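The basis for the numbers below is simple: all heavy atoms, side chains too, and nothing from hydrogens, waters or symmetry mates. Not measured: the values here are computed from a predicted model. A note on names: the letters A, B, ... follow the listed sequences, proteins ahead of strands, and every chain is numbered from 1.
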Amino acid sequence: MNYKAPKGTFDIFGKKAITYEKIENTGKKIMNLYGFSQIRTPIFEDAGLFTRSLGETSDVVQKEMYIFKDKGDRLLALRPEGTAPVIRSIIENNLAQNNSVKLFYTGQMFRYERPQAGRFRQFHQFGAEIVGTQDPISDFEIIDSSTKILKELCIEYELHLNSVGCKDCRPTYREVLLAFLKDHVSELCENCKTRMYKNPLRVLDCKEEQCKLVTSNAPKITDYLCEDCKTHFEKLRNYLKKFKIDYILNPRLVRGLDYYTKTAFEALNFSLGSQNAVLGGGRYDGLAEELGGKNLPGVGFASGIERLVAILEKSDKDFEKEHKFMIIPITSDEFEYALDLLVELRNFVSTLFPYDYKNLKSAMKLAAKSDCDYVVLIGPDEIKDNQISIKNLESGLQKSFPKVEFLNIINNERCNFGL
RNA sequence: GUGGAUGUAGCUCAAAGGCAGAGCACUGCACUGUGGCUGCAGAUGUUGGGGGUUCAAUUCCCCUCAUCCACCCCA
């Protein structure tokens with residue numbers, strides 16, 4: 001084998017492709033119900049867009065970006081996430097003139113990482129953003145709609161919620177937390193001893209038992225929120241309560257990207273490996289300004305489609321698919337008739353025509369292997385009686401109908417041939 | 001970037017220095033108007049790649065690449 005899919009990438013076909021499609025279609029359906037419209041942004045962008053929005057020191061920027069120079073000496077990056085490009089587009093095209101905009105997207109993202117369960121170098125995200133408003137109802141809509149996608153897909157999840165404050169109150173909390181951590185340095189893991197100075201909030205997220213023990217008594221950010229953040233959070237929680245969205249208040253929840261403010265949430269599923277987050281999001285009120293636009297507060301989510309696919313594959317839940325037919329002319333005499341019927345049938349149902357088959361038997365095999373539900377048989381007998389024979393491959397039952405009746409059953413009786 | 005495990009047929013895996021094998025899948029026949037089941041027959045390999053030790057390497061050693069898992073981090 002000379003060529004393989006590059007490290008951390010893979011081909012999507014067959015059953016897997018159907019699962020991807022199902023997830024994306026479900027997402028689109030829900031997004032439409034909430035009044036979002038689709039946006040497709042380029043797969044690569046000016047590298048600065050990401051270093052600026054995600055933060056120079058974030059891991060994504062420091063070690064995970066696919067950066068390259070094109071022939072015009074432009075420094076570009078394959079997008080590692082979807083929010084920054086959407087905000088860039090909103091600013092560039094003035095999409096949020098005086099109102100807010102609601103946009104959703106789906107597509108590939110790229111991060112140069114060591115692959116493992118639930119993590120790849122090219123992966124897909126489905127996400128949405130509401131930009132131009134600070135109304136907590138928009139936070140609610142993001143959480144409500146995103147978790148509705150999971151529900152619709154029958155994916156179990158645990159919703160974790162927190163508020164990470166804003167540029168006014170977070171620094172204060174940071175100091176308080178740092179002071180607390182300094183008092184307990186000796187009890188922290190090696191990693192956290194250095195981490196607490198770089199990003200003390202991350203210590204809250206540490207998986208080491210010793211650190212969890214220490215931070216269980218740590219001051220909570222929700223006790224240090226400014227008035228604005230506090231009332232915003234309370235309103236959001238009221239909406240969630242009113243509409244019975246269950247969640248776990250998790251003061252340890254910290255999101256990895258710098259731009260988050262106020263609301264932060266994650267949906268966790270524990271049936272996978274160590275990558276538990278299937279969906280995450282939050283508010284990013286300073287991002288648009290950071291990118292050179294006007295003050296456009298926003299809130300959004302992104303879900304990792306690969307992780308959703310993995311969960312669905314594990315649950316071996318098959319999605320109902322459309323009936324698939326194959327037309328088989330039994331001798332060469334019926335070839336033309338069968339071709340005409342093929343063209344006609346394709347106005348209504350998915351229909352195959354067998355290639356390179358030797359006899360009826362081999363054509364039947366092809367039909368079974370091609371995952372067909374029904375075989376339409378046209379032979380001398382059918383032509384003579386002016387009938388069409390149809391066989392249900394699952395039950396093995398076969399019947400004949402006049403052509404008109406046959407088409408009628410397909411169109412008006414959902415292929416209920418009584419087989 | 002760090003650590004661990006694993007690379008043999010399309011897939012899942014045996015062979016532990018001496019002829020590279022099995023199951024599933026594939027192809028054909030039994031069966032030229034009926035698939036799945038059954039029986040019989042057949043095809044399939046740079047043993048990931050490179051080097052070394054040896055009369056002899058899939059097996060032992062070194063390098064390299066890839067995959068999986070975990071850390072870091074994230075979806």
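- In this structure, B:rC29 forms a base pair with B:rG39, meeting either the Watson-Crick or the G-U wobble geometry with both donor-acceptor distances under 3.5 Å.
- Using bins of under 30°, 30° to 60° and over 60° for the plane-to-plane angle, the ring pair A:Y224/A:Y173 lands in the tilted bin.
- A salt bridge is absent between A:R283 and A:E129: the closest approach of a Lys/Arg side-chain nitrogen to an acidic carboxylate oxygen does not fall below 4.0 angstrom.
- Contact of A:R114 with B:rC73 (side chain to base): no donor-acceptor pair of N or O atoms is detected under 3.5 Å.
- Taking the six-membered ring where the residue is Trp, the centroids of A:H124 and A:Y20 are separated by under 6.0 Å.
- Using the Watson-Crick or G-U wobble rule with both distances under 3.5 Å, B:rU34 pairs with nothing in any strand shown.
- The nucleotide B:rU58 finds no pairing partner, because no Watson-Crick or G-U wobble arrangement with both distances shorter than 3.5 Å includes it.
- One finds no side-chain N or O of A:K369 lying less than 4.0 angstrom from the OP1 or OP2 phosphate oxygen of B:rA25.
- In this structure, A:G127 reaches neither bases nor backbone, as no heavy-atom distance under 4.0 Å exists between it and the strands shown.
- We find that CG of A:L268 is positioned 12 Å from C1' of B:rC74, with the value rounded to whole Å.
- Summary of the strand contacts: A:V278 and A:Q116 both lie near RNA chain B, and taking for each the nucleotide with the nearest heavy atom, the more 5' one is attributed to A:Q116.
- Phosphate contact (OP1/OP2 of B:rU32, side-chain N/O of A:K361, threshold under 4.0 Å): absent.
- The side chain of A:L377 lies closest to B:rG33, out of B:rG35, B:rC73, B:rG33.
- Separating the P atom of B:rU58 from that of B:rU8 is a span of 15 Å, rounded to the nearest Å.
- Between the CG atom of A:N359 and the P atom of B:rU32 there is a distance of 7 Å, rounded to whole Å.
- Under the Watson-Crick or G-U wobble criterion, with both distances below 3.5 Å, B:rG45 has no partner in any strand shown.
- A:Q125 places its CD atom 5 Å from the C1' atom of B:rA75, with the value rounded to the nearest Å.
- With both pairing distances under 3.5 Å, B:rC71 is matched to B:rG1 as a Watson-Crick or G-U wobble pair.
- Taking the P atoms as reference points, B:rA14 lies 12 Å from B:rA9, given to the whole Å.
- In this structure, of B:rA75, B:rC73, B:rA66, it is B:rA66 that holds the atom nearest to the side chain of A:K7.
- Counting any heavy atom pair closer than 4.0 Å across all strands shown, A:Q275 reaches a base atom.
- For the C1' atoms, the distance linking B:rU47 with B:rG17 amounts to 15 Å, nearest Å.
- Closest contact between the side chain of A:L360 and the listed nucleotides B:rA66, B:rG36, B:rU34 involves B:rU34.
- Between the P atoms of B:rA20 and B:rA56, the separation comes to 16 Å (whole Å).
- Rounded to whole Å, the distance from CD on A:E129 to P on B:rA75 is 12 Å.
- Salt bridge status for A:K102 with A:E141: present, with a side-chain N to carboxylate O gap under 4.0 Å.
- Ring planes of A:F140 and A:F243: tilted class, angle from 30 to 60°.
- For the OP1/OP2 pair of B:rU67 and a distance below 4.0 Å, the side-chain nitrogens and oxygens of A:R121 include no atom meeting the criterion.
- Heavy-atom distances to RNA chain B give each of A:E266 and A:P115 a nearest nucleotide, and the one nearer the 5′ end belongs to A:P115.
- Pair check for B:rG10 finds B:rC24; Watson-Crick or G-U wobble, both atom distances under 3.5 Å.
- Between A:Y105 and A:F126, the distance from one ring center to the other does not fall under 6.0 angstrom.
- Comparing the C1' positions of B:rG28 and B:rA43 gives an interatomic distance of 10 Å, to the nearest angstrom.
- In this structure, of B:rG33, B:rC74, B:rU34, it is B:rG33 that holds the atom nearest to the side chain of A:E382.
- Comparing the C1' positions of B:rC11 and B:rC26 gives an interatomic distance of 12 Å, to the nearest angstrom.
- Note: CG (A:L397) to P (B:rG36) measures 17 Å, nearest angstrom.
- A:F120 comes within contact range of at least one nucleobase, with a heavy-atom separation under 4.0 Å.
- What separates CZ of A:F13 from C1' of B:rC11 is a distance of 12 Å, to the nearest Å.
- Aromatic pair A:H160/A:F265: centroids not less than 6.0 angstrom apart.
- Set against B:rU34, B:rC74, B:rA66, the side chain of A:Q398 has B:rU34 as its closest nucleotide.
- A:F233 carries A:R237 over the face of its six-membered ring, with the cationic atom under 6.0 Å from the centre and within 45° of the normal.
- Atom P of B:rA41 sits at a distance of 37 Å from the matching atom of B:rU6, rounded to the whole Å.
- Distance, A:K63 NZ to B:rC74 P: 9 Å, rounded to whole Å.
- With B:rC73, B:rA70, B:rA75 as the choices, the nucleotide that has an atom nearest any side-chain atom of A:A117 turns out to be B:rA70.
- With both ends at atom P, the span from B:rG21 to B:rC62 equals 29 Å, rounded to whole Å.
- Among the protein residues, A:G8 comes within range of the sugar-phosphate backbone only, with heavy atoms under 4.0 Å from sugar or phosphate atoms but none that close to a base.
- Here B:rG33 presents its C1' atom at 10 Å from CE of A:M364, a figure rounded to the nearest Å.
- Taking only distance into account, the side chain of A:E394 never meets the base of B:rG35 through a donor-acceptor pair shorter than 3.5 Å.
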